[in-house]
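Only one structure is covered here, and it is reproduced in the block below.
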Amino acid sequence: MAINELESVRRLKTLEKYIDSNIELKNKIENLLLLQKQMINCKQLELVNAYNDYKEQYSNLKESILLIPFVEEYLELLDENHLMLKNIFKIIEH
């Protein structure tokens with residue numbers, strides 16, 4: 001059985017298509033990534049107050065994204081498929 005034929009991979013692709021077609025959700029995810037970058041920059045520059053502000057914004061935005069039912073499933077499938085690929089690579093390496 002090919003990896004693309006696995007139920008979890010097919011479901012992941014279905015959810016990705018939905019995310020890509022949902023402009024509001026896509027924008028929220030992009031903003032989440034921007035906030036994450038800002039947090040990293042502030043931490044490196046030791047800007048504690050700015051870091052805490054960005055962290056709070058990040059947490060609030062992440063919470064609002066996770067309230068969307070399929071997003072949590074999507075993240076779980078990403079983890080599951082990532083682990084599967086890691087295991088496949090380990091088998092191939094040995």
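These numbers come from a predicted model, not from an experiment.
Residues Tyr51 and Met39 approach most closely at CD1-O, 3.3 Å, considering heavy atoms.
Contact check for Lys37 versus Ile40: no side-chain heavy atoms found under the 4.5 Å cut-off. At least one side-chain heavy atom of Arg10 sits under 4.5 Å from a side-chain heavy atom of Glu7.
Within a 6.0 Å sphere centred on CD1 of Ile23, other residues, nucleotides and ligands contribute 12 heavy atoms or fewer.
Tracing side-chain contacts under 4.5 Å through hydrophobic residues (I, L, V, M, F, W, Y), one reaches Leu32 starting from Tyr18; they form part of the same cluster. Hydrophobic clustering (side-chain heavy atoms under 4.5 Å, transitive across Ile, Leu, Val, Met, Phe, Trp, Tyr) keeps Ile91 apart from Leu85. Note on Leu15: it does not cluster hydrophobically with Val9, by side-chain heavy-atom contacts below 4.5 Å among ILVMFWY residues.
Applying the ring-ring contact (aromatic ring centres under 6.0 Å, His included) definition to pairs two or more places apart or across chains, none involves residues 21-47.
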Next item on the list: May I have the step-by-step check of side-chain contact (heavy atoms from CB on, under 4.5 Å) for Asn27 and Glu30, ending in yes or no?
Entry: CA-CA 5 Å; Asn27 287 338; Glu30 288 173 6; 3.9 Å; yes

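Of the inter-residue distances, the one linking Ser8 atom OG with Asp79 atom CG reads 12.0 Å to the nearest 0.5 angstrom. Distance check, rounded to the nearest 0.5 Å: NZ of Lys28 to CG of Asn22 gives 9.0 Å.
Applying the side-chain contact (heavy atoms from CB on, under 4.5 Å) criterion to Asn52, with sequence neighbours excluded, gives Val48.
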Would you give me the side-chain donor-acceptor pairs under 3.5 Å for residues 56-77, sequence neighbours excluded?
| unit_1 | atom_1 | unit_2 | atom_2 | d |
| --- | --- | --- | --- | --- |
| Ser59 | OG | Lys55 | O | 3.1 |
| Asn60 | ND2 | Glu56 | O | 3.3 |
| Ser64 | OG | Leu61 | O | 2.8 |
| Glu73 | OE1 | Arg11 | NH2 | 2.9 |
| Glu73 | OE2 | Arg11 | NE | 2.8 |
| Tyr74 | OH | Glu16 | OE2 | 3.4 |

